[in-house]
Number of protein chains: 2
Amino acid sequence: MGRWEPNAYERLQEAALELFGERGYERTTVEEIAARAGLTERTFFRYFTDKREVLFGGSKDLAEVIVAAIGGAPKELGPLDTVAVALEATSPIFEARRAHARKRQAVVASHAELRERELIKLSSLGDAIAESLRRRGVAKVAASLVAEAGIAVFKSAFERWVSDTKKHELAHHVRETLADLRVAAAEGTAVAAVRTAPRPSRSARRTST
Amino acid sequence: MGRWEPNAYERLQEAALELFGERGYERTTVEEIAARAGLTERTFFRYFTDKREVLFGGSKDLAEVIVAAIGGAPKELGPLDTVAVALEATSPIFEARRAHARKRQAVVASHAELRERELIKLSSLGDAIAESLRRRGVAKVAASLVAEAGIAVFKSAFERWVSDTKKHELAHHVRETLADLRVAAAEGTAVAAVRTAPRPSRSARRTST
DNA sequence: CTCCTGATGTCAGAACCTGACATCACGGGT
DNA sequence: ACCCGTGATGTCAGGTTCTGACATCAGGAG
């Protein structure tokens with residue numbers, strides 16, 4: 001038996017989520033979170049740079065799983081399908097914690113400060129995806145674009161999953177959302193064929209890879 | 001002559017930008033900003049909810065201009081072109097303040113806290129765009145998608161404009177970026193034709209408007 | 001002339017976050 | 001068995017952000 005209770009990090013995360021649920025994000029202090037975890041405010045800030053960050057510990061794992069899945073995806077897939085497959089690969093991470101994810105989502109949605117943090121996490125996830133695609137030979141502009149589209153799909157799919165009473169897996173919603181996106185894109189007017197388009201910029205005319 | 005110097009709001013914005021440039025965002029306190037503007041810390045917080053917010057006063061105008069432009073765009077345009085035209089309509093706002101915009105951009109880019117704020121502003125701008133598109137009869141899913149694409153275009157175009165030594169207008173870069181996007185999309189693999197796609201979700205199969 | 005209004009100031013205090021230093025069980029080396 | 005280094009935690013002091021409550025006072029309305 002160690003000198004201290006183990007898993008301080010997880011205890012803090014749990015205590016925080018509980019308290020945010022009970023009293024709301026604003027009305028719970030870091031000191032209270034630490035106390036419920038049997039620790040000190042100072043220790044909280046050793047594990048998390050921020051009060052907000054305690055809700056975003058998982059985003060690193062998420063990015064890793066997605067990047068790995070992109071790297072291991074079959075070469076025949078187009079970029080968007082590659083990203084979709086990678087997003088589906090995160091399904092197991094969430095499937096075990098549906099209730100937890102729902103609570104977390106409610107808290108994040110309820111406070112602008114937390115939505116900001118979520119957005120920047122998704123943004124850097126997008127950067128990571130774009131980078132992975134480029135490593136597979138996708139041109140820079142296309143990689144960024146597809147990555148952004150992938151993020152959009154993920155956001156939407158995740159929302160559907162969280163509020164899905166039928167308990168479909170996240171992967172299911174990713175596929176559905178992607179299909180929706182393709183319908184919207186194929187409706188012709190959305191991402192239209194080159195119509196009155198001016199010449200693309202020089203950077204886009206460079207050969208890819 | 002009034003009791004106080006006029007334009008407290010603008011004075012605060014200017015003082016903040018100057019100081020952020022001189023010492024960096026973190027190392028300038030709100031008290032210093034207020035002092036340079038000839039005011040008090042307390043007064044600063046009457047004008048801005050946040051230390052960050054002092055750099056984002058313009059985002060409301062921006063959204064208004066874009067929404068208005070979408071409302072007034074020719075009906076023949078497809079949704080993406082509509083958004084592009086609306087983005088171009090913001091050109092005059094920025095053209096007068098190229099130097100100012102560059103300074104601001106550098107400060108925002110230098111600090112994660114500020115990038116977070118920028119992202120949430122762009123996100124709500126995206127919501128406003130999607131809403132405007134829906135009012136023109138664009139289906140919900142398509143509207144969101146096109147809005148996100150529009151935001152992506154705007155971000156990229158703005159970066160190009162800020163670092164453009166040739167002094168092309170923002171509108172020019174919007175057109176170029178959009179063309180790049182279309183090239184990427186048309187490369188076939190990016191937003192591919194309906195291939196192995198599963199059936200779209202019920203919501204997407206609903207009739208639009 | 002008086003009174004009200006609204007922009008600003010003053011003050012106190014809570015909460016967030018950081019640096020510096022102290023504590024002390026545990027485990028390894030001798 | 002003893003000593004010592006290490007690492008997780010605690011304690012303390014202090015700066016900064018942000019808010020509520022109340023005070024001030026020029027200028028305009030009546």
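Here the structure is a predicted model, which is why all the values come from computation and not from measurement.
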For [X] and [N], give me the distance from atom [atom1] to atom [atom2], rounded to whole Å.
X	N	atom1	atom2	result
A/Arg27	D/dT19	CZ	C1'	16 Å
B/Glu113	C/dC16	CD	C1'	11 Å
B/Glu31	C/dT10	CD	C1'	12 Å
A/Glu5	C/dA25	CD	P	15 Å

With the side chain counted from C-beta on, respond yes when [X] and [Y] share a heavy-atom pair under 4.5 Å apart, and no when they do not.
X	Y	answer
A/Leu114	A/Phe56	yes
B/Asp180	B/Arg160	yes
A/Leu62	A/Phe94	yes
B/Ile93	B/Val65	yes

Got a salt bridge between [X] and [Y], using NZ or NE/NH1/NH2 to carboxylate O under 4.0 Å?
X	Y	result
B/Glu118	B/Arg104	yes
B/Arg23	B/Glu32	yes
A/Lys121	A/Glu53	yes

I'd like a list of close polar pairs between nucleotides 28-30 of chain D and the protein, N/O only, cut-off under 3.5 Å.
none

Quiz item: Do any of residues 11-24 of chain B sit with a heavy atom less than 4.0 Å from DNA chain C, and if so which?
Solution: none
Practice problem: Within residues 38-54 of chain A, find the residues that approach DNA chain C with a heavy atom at under 4.0 Å, and present them sorted by residue number. | Solution: A/Glu41, A/Arg42, A/Phe45, A/Arg46, A/Thr49, A/Asp50, A/Lys51
Quiz item: B/His168 vs B/His172 aromatic rings, parallel, tilted or perpendicular, using cut-offs 30° and 60°?
Solution: parallel
Quiz prompt | With A/Arg36, the side chain to side chain donor-acceptor pair (under 3.5 Å) member among A/Glu31, A/Glu14, A/Glu18 | solution = A/Glu18
Quiz prompt | Candidates B/Leu55, B/Val54, B/Val30, B/Ile33 - the one meeting side-chain contact (heavy atoms from CB on, under 4.5 Å) with B/Phe48 | solution = B/Val54
Quiz item: Got more than 12 heavy atoms from elsewhere within 6.0 Å of CD, A/Glu95?
Solution: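 Count over threshold, so yes.
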Practice problem: Return the set of residues passing salt bridge (charged side-chain N to carboxylate O under 4.0 Å, His left out) with B/Arg115 (not counting sequence neighbours), or none when no residue passes. | Solution: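 Here no residue qualifies.
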Quiz prompt | Contacts of type ring-ring contact (aromatic ring centres under 6.0 Å, His included), residue A/His111, not counting sequence neighbours | solution =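 Testing A/His111 for ring-ring contact (aromatic ring centres under 6.0 Å, His included), a comparison that skips the adjacent residues, returns A/Tyr25.
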Give me, pair by pair, the N or O atoms of the protein and of nucleotides 3-7 of chain D that are less than 3.5 Å apart, along with how far apart they are.
residue : atom : partner : partner atom : Å
D/dG7   : N2   : A/Arg3  : NH1          : 3.1

